[in-house]
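All residue numbers in this chain count up from 1 along the given sequence. The basis for the numbers below is simple: all heavy atoms, side chains too, and nothing from hydrogens, waters or symmetry mates. It should be emphasised that the depicted structure is a prediction, and the values quoted were computed from it without experimental measurement.
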Amino acid sequence: MNTQKDTIDNLQAVKDRWKNLDKKSSAPDAETIRRAAKRVTERQKLADTFQRLALIGFLMPCLSHALRESGLSMTTVAVYSVFGVIAGICSLLLCIRIKKIDYINVPTIDAIEQITRVEKTHRIQQRISMSIGLIIVAMLLYEFWNANDIFLFYGALCGALIGMAIGLTIRYRIRRSFKAWKDSFDIE
């Protein structure tokens, strides 16, 4: 009878160890939690950035009304407005694509590929937008120069330089966020 009690005790000990083993293995370690939190943070930062850029793009037609009152030609105002709306739509689409990336239920390689595809799309959109933006800024500066108001021209030139500095800062921040997001998947 003593052996039966020992067997039951051993069986109970094995069950207890099995339960403890399951509890230990299901709890993620601190490094896994940190990486998961970083993924959400970088993803959210990028989505928020593109959402703000979309809002700015959609507000550009409102600003073009003020430019029209300052004496700019209707062609320049129309190009400025259309560019803003198209840039806003592109930024909004990038925001939606970033939010749709499913990196929890897919393998790590697939998640990194999805992020890389969105980043490549952003770079193409950025190159096109910068090229068109430079043409629009040149059109605006030419119009201000022809307005025979030197202060208006120099104000626009200073605004263009400040805008370029802000744009390059945003560009650097977006690239850094994409890199940090991909690096958070790095498996050693």
Side-chain angles (χ1 to χ4, degrees), residues 35-106 108 110-144 152 155-185:
R35 282 187 177 180
K38 190 173 184 179
R39 279 184 216 126
V40 172
T41 302
E42 296 302 331
R43 176 184 182 186
Q44 194 60 43
K45 273 195 246 181
L46 282 166
D48 291 347
T49 299
F50 285 116
Q51 199 168 18
R52 283 190 299 271
L53 291 173
L55 179 65
I56 291 169
F58 292 136
L59 290 176
M60 283 176 75
C62 298
L63 180 61
S64 69
H65 177 69
L67 291 173
R68 177 70 182 130
E69 290 181 2
S70 70
L72 292 180
S73 70
M74 194 60 180
T75 305
T76 304
V77 171
V79 168
Y80 184 82
S81 297
V82 169
F83 172 73
V85 170
I86 292 172
I89 290 170
C90 290
S91 294
L92 188 61
L93 290 175
L94 283 171
C95 175
I96 291 169
R97 282 185 62 190
I98 287 171
K99 287 182 178 181
K100 281 187 177 181
I101 292 177
D102 180 21
Y103 56 85
I104 295 172
N105 297 320
V106 297
T108 302
D110 291 342
I112 291 173
E113 286 176 357
Q114 290 176 7
I115 294 168
T116 303
R117 280 195 299 270
V118 171
E119 184 180 19
K120 284 181 182 178
T121 303
H122 164 67
R123 285 188 180 174
I124 291 168
Q125 181 243 346
Q126 186 180 41
R127 288 180 184 131
I128 293 169
S129 294
M130 287 176 68
S131 301
I132 295 171
L134 287 173
I135 292 169
I136 292 173
V137 167
M139 288 173 62
L140 288 169
L141 289 174
Y142 178 75
E143 295 252 353
F144 288 139
L152 184 63
L157 188 61
C158 288
L161 292 175
I162 290 170
M164 185 176 72
I166 292 170
L168 290 175
T169 302
I170 292 170
R171 179 182 181 199
Y172 174 73
R173 188 180 321 142
I174 289 172
R175 280 189 172 188
R176 190 177 62 207
S177 291
F178 270 120
K179 183 180 180 331
W181 192 15
K182 285 192 291 188
D183 289 347
S184 70
F185 289 96

Next item on the list: Answer whether the closest heavy-atom distance between the side chains of H122 and Q125 falls below 4.5 Å.
Entry: yes
Next item on the list: Kindly determine whether Q114 and D110 satisfy side-chain hydrogen bond (donor to acceptor under 3.5 Å, both in side chains), including the steps that lead there.
Entry: CA-CA 6 Å; Q114 290 176 7; D110 291 342; over 6 Å; no
Note to self: Measuring from atom CG of L53 to atom CG of D48, what distance do you get when rounded to the nearest 0.5 angstrom?
What the structure shows: 11.0 Å
Note to self: Check whether R43 reaches the backbone of W181 with its side chain - one donor and one acceptor, N or O, closer than 3.5 Å.
What the structure shows: no
Notebook entry, point to check: What distance do I98 atom CD1 and Q51 atom CD have between them, rounded to the nearest 0.5 Å?
Noted result: 10.5 Å
Next item on the list: For K99 and A47, work out which heavy atoms get closest and say how close.
Entry: CE-CB, 3.9 Å
Next item on the list: Begin with the C-alpha distance, continue with both residues' side-chain angles, and end with the deciding distance and a verdict on side-chain contact (heavy atoms from CB on, under 4.5 Å) for V85 and M60.
Entry: CA-CA 7 Å; V85 170; M60 283 176 75; over 6 Å; no
Notebook entry, point to check: Ignoring hydrogens and geometry, is there a side-chain-to-backbone donor-acceptor pair from E143 to S73 under 3.5 Å?
Noted result: yes
Check: Hey, what do you get for CD (Q126) to CD1 (I170), rounding to the nearest 0.5 Å?
Finding: 10.5 Å
Next item on the list: Specify the closest pair of heavy atoms between G88 and A54, including all atoms of both residues, with the distance to one decimal.
Entry: O-CB, 3.3 Å
Margin query: Once rounded to the nearest 0.5 Å, what's the spacing between atom CG of L141 and atom CG of L134?
Written below: 10.5 Å
Notebook entry, point to check: Does the R176 side chain pair with the main chain of A180, one donor and one acceptor, at a distance under 3.5 Å?
Noted result: no
Checklist line | Verdict with reasoning, L67 to F144, per side-chain contact (heavy atoms from CB on, under 4.5 Å) | finding: CA-CA 10 Å; L67 291 173; F144 288 139; 4.2 Å; yes
Item checked: Nearest atoms (heavy-atom pairs only) where L72 meets R68 -> O-NH1, 2.5 Å
Next item on the list: Go through R173 and T49 one step at a time and tell me if the side-chain hydrogen bond (donor to acceptor under 3.5 Å, both in side chains) criterion holds.
Entry: CA-CA 9 Å; R173 188 180 321 142; T49 299; 5.1 Å; no
Next item on the list: Nearest 0.5 Å please: distance from the SG atom of C95 over to the CZ atom of R52.
Entry: 10.0 Å
Notebook entry, point to check: Between I112 and T116, is any pair of side-chain heavy atoms under 4.5 Å apart?
Noted result: yes
Next item on the list: Using the six-membered ring wherever Trp is involved, compare the ring planes of F178 and F50 and label them parallel, tilted or perpendicular (cut-offs 30° and 60°).
Entry: tilted
Notebook entry, point to check: If you measure from OG on S81 to CD1 on I86, what distance do you get to the nearest 0.5 Å?
Noted result: 11.0 Å
Margin query: Using the rule given for salt bridge (charged side-chain N to carboxylate O under 4.0 Å, His left out), can you reason through K182 versus E119, listing the C-alpha separation, both sets of side-chain angles and the distance that settles it, and then say yes or no?
Written below: CA-CA 10 Å; K182 285 192 291 188; E119 184 180 19; 2.7 Å; yes
Notebook entry, point to check: Going through the distances and angles, do L93 and I89 end up as a side-chain contact (heavy atoms from CB on, under 4.5 Å)?
Noted result: CA-CA 6 Å; L93 290 175; I89 290 170; 4.1 Å; yes
Notebook entry, point to check: Between the side chain of T121 and the main-chain N/O of R117, is any donor-acceptor distance below 3.5 Å?
Noted result: yes
Notebook entry, point to check: Which atom names give the shortest non-hydrogen contact between L140 and T76, and what distance separates them?
Noted result: CD2-CG2, 3.6 Å
